[in-house]
**Student:** 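Supplied in structure tokens, the structure appears directly below.
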Amino acid sequence: MVASAVATTGCDAFAEPNAAAAGRTAPQVICQIYFDLSPSVTSVQRQIWEGMAQNDLLPSLADGWQIEIYGLHDHTEDSAPVFRDALPVLPKGAGMAEDLEYRQKRQEFRVRFVAAVHRLLGEAHAPAKSTSILSAFNRIHRGDGRNVILVLFTGALESRDAAVNLEKTRFEAGTVAASVQRVVSAHQWTRESLAGTRVFFVLSDIPIGSVQSGPNSRDTLRSFWARLVTTLGGVLENFDSYFAHLPPHRTTVAVAEN
């Protein structure tokens with residue numbers, strides 16, 4: 001589930017929840033969380049994602065991390081975050097008063113986080129004309145030494161970018177690699193663009209007995225995103241409708257060949 005994956009691959013690799021209390025300085029970590037607001041996402045799916053964010057993702061976020069929440073829509077790159085705050089850190093040798101203050105700040109953070117997710121997923125918004133997932137990559141903080149966790153609650157169907165439309169264009173065997181290279185060239189990205197970034201896709205659920213709509217299978221979509229993330233120096237940690245448990249030191253992911 002969400003907590004097991006982020007806690008296993010995020011906390012172990014990036015920070016200890018109470019590193020400061022142990023006498024060490026916790027590395028700065030930015031966790032950017034995106035929620036797909038396109039019309040293709042049903043209200044039921046948004047409720048599922050809201051519950052996952054509150055019950056699974058939130059408890060796994062470590063002290064000292066900066067958390068940012070965005071909508072995923074046709075203006076992803078330009079939109080302001082609906083939430084941006086850092087989790088408090090309990091100082092080394094903290095006494096009862098400091099511990100109480102720390103717990104209060106954790107609770108206040110939780111309340112604001114839950115409210116922000118609900119505003120994004122539980123309230124009515126103007127429907128997005130398209131979905132720009134690739135724009136989220138342009139918002140990654142690069143070159144400042146901080147590690148990044150990117151969590152994308154989405155159907156993984158990029159539909160705004162001129163270089164690739166995963167919602168309408170069918171990929172035939174052998175075309176994924178060329179499509180990825182076209183996207184990389186169009187955005188002038190390099191192998192350092194996602195260096196050190198761990199990427200988690202939390203996909204829309206497909207009910208039992210239903211058939212996925214769209215021209216591309218999930219295996220094809222995963223092949224595209226895995227190849228793209230890896231090409232840019234990142235690691236695709238999850239591509240499913242839930243977060244699976246991952247080995248604690250997993251650092252690579254196999255990319256499907258075409």
Side-chain angles (χ1 to χ4, degrees), residues 1-35 52-72 76 80-92 94 102-103 105-114 116-117 120 133 135-154 191-202 229-230 232-239 243-253:
M1 292 301 168
V2 174
S4 63
V6 175
T8 298
T9 62
C11 293
D12 287 356
F14 294 144
E16 295 179 55
N18 283 306
R24 292 179 291 276
T25 301
Q28 279 197 313
V29 177
I30 297 177
C31 181
Q32 295 183 331
I33 306 166
Y34 288 83
F35 292 95
M52 293 175 72
Q54 178 175 339
N55 301 318
D56 299 317
L57 179 57
L58 176 57
S60 71
L61 303 177
D63 291 2
W65 287 13
Q66 178 174 312
I67 311 302
E68 300 174 354
I69 301 177
Y70 299 89
L72 205 58
T76 301
V82 298
F83 179 88
R84 176 185 285 158
D85 201 358
L87 281 151
V89 176
L90 184 64
K92 178 183 177 182
Y102 162 78
R103 293 176 184 274
K105 289 181 177 179
R106 287 278 305 191
Q107 179 60 20
E108 291 169 1
F109 178 96
R110 182 185 186 281
V111 170
R112 293 195 302 273
F113 179 97
V114 170
V117 173
L120 204 57
I133 302 171
S135 292
F137 291 0
N138 285 324
R139 302 196 77 143
I140 297 295
H141 299 268
R142 305 181 183 92
D144 57 8
R146 292 184 289 185
N147 297 294
V148 180
I149 297 173
L150 183 62
V151 184
L152 300 156
F153 289 83
T154 176
R191 286 189 171 273
E192 300 298 317
S193 294
L194 293 182
T197 300
R198 293 191 159 183
V199 182
F200 296 78
F201 274 84
V202 187
V229 169
T230 303
L232 301 181
V235 180
L236 182 65
E237 295 283 359
N238 194 81
F239 195 84
F243 275 110
H245 180 78
L246 300 174
H249 299 298
R250 181 174 182 177
T251 57
T252 60
V253 64

**Student:** Test Arg84 against Gln66 for side chain to side chain contact (heavy atoms under 4.5 Å, CB included), laying out the working first.
**Tutor:** CA-CA 7 Å; Arg84 176 185 285 158; Gln66 178 174 312; 4.1 Å; yes
**Student:** Could you give the distance from CD1 (Ile33) to CD1 (Ile69), rounded to the nearest 0.5 Å?
**Tutor:** 5.0 Å
**Student:** Pair Ile67, Phe113 - check side chain to side chain contact (heavy atoms under 4.5 Å, CB included), show working.
**Tutor:** CA-CA 9 Å; Ile67 311 302; Phe113 179 97; 4.0 Å; yes
**Student:** Nearest 0.5 Å, what's the CG-CZ distance between Leu61 and Arg106?
**Tutor:**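 Those atoms lie 7.5 Å apart.
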**Student:** Not counting sequence neighbours, which residues clear salt bridge (charged side-chain N to carboxylate O under 4.0 Å, His left out) with Arg110? List them please.
**Tutor:**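 Salt bridge (charged side-chain N to carboxylate O under 4.0 Å, His left out) check on Arg110 returns nothing, list empty.
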**Student:** At what distance, to the nearest 0.5 angstrom, does CZ of Phe35 lie from CG of Leu72?
**Tutor:**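 Taking CZ in Phe35 and CG in Leu72, the distance rounds to 10.5 Å.
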**Student:** Taking side chain to side chain donor-acceptor pair (under 3.5 Å) as the test, write out the residues that go with Thr76, two or more places apart.
**Tutor:**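 Thr76 satisfies side chain to side chain donor-acceptor pair (under 3.5 Å) with no residue once adjacent residues are dropped.
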**Student:** Check the pair Phe83, Glu68 against side chain to side chain contact (heavy atoms under 4.5 Å, CB included), reporting the backbone distance first and the verdict last.
**Tutor:** CA-CA 6 Å; Phe83 179 88; Glu68 300 174 354; over 6 Å; no
**Student:** Taking the side chain from Asn238 and the backbone from Phe201, do they hold a donor-acceptor pair closer than 3.5 Å?
**Tutor:**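 At least one qualifying donor-acceptor pair exists.
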**Student:** Answer whether the closest heavy-atom distance between the side chains of Asn147 and Ile30 falls below 4.5 Å.
**Tutor:**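 Side chain of Asn147 against side chain of Ile30, heavy atoms only: no contact under 4.5 Å found.
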**Student:** Given the side-chain rings of Tyr34 and Phe200, with only the six-membered ring counted for Trp, is the space between their centroids under 6.0 Å?
**Tutor:**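 Ring centres of Phe200 and Tyr34 not closer than 6.0 Å.
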**Student:** Is Trp65 close to Gln28 at the side-chain level, that is, under 4.5 Å between some pair of heavy atoms?
**Tutor:**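 Contact flag for Gln28/Trp65 side chains = no.
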**Student:** How long is the straight-line distance from CD of Glu192 back to CG of Leu232, given to the nearest 0.5 Å?
**Tutor:** 10.0 Å
**Student:** Salt bridge (charged side-chain N to carboxylate O under 4.0 Å, His left out) with Arg191: which residues, sequence neighbours excluded?
**Tutor:**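 Salt bridge (charged side-chain N to carboxylate O under 4.0 Å, His left out) list for Arg191, sorted by chain: empty.
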**Student:** Could you go step by step and tell me if Leu58 and Phe109 meet the side chain to side chain contact (heavy atoms under 4.5 Å, CB included) rule?
**Tutor:** CA-CA 10 Å; Leu58 176 57; Phe109 178 96; 4.0 Å; yes
**Student:** Counting only N and O atoms by type, is there a donor-acceptor contact under 3.5 Å from the side chain of Gln32 to the main-chain atoms of Ile149?
**Tutor:**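 No: the side chain of Gln32 does not pair with the backbone of Ile149.
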**Student:** Using 0.5 Å steps for rounding, measure from the CG atom of Leu150 to the SG atom of Cys31.
**Tutor:**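 Reported value, rounded in 0.5 Å steps: 8.5 Å.
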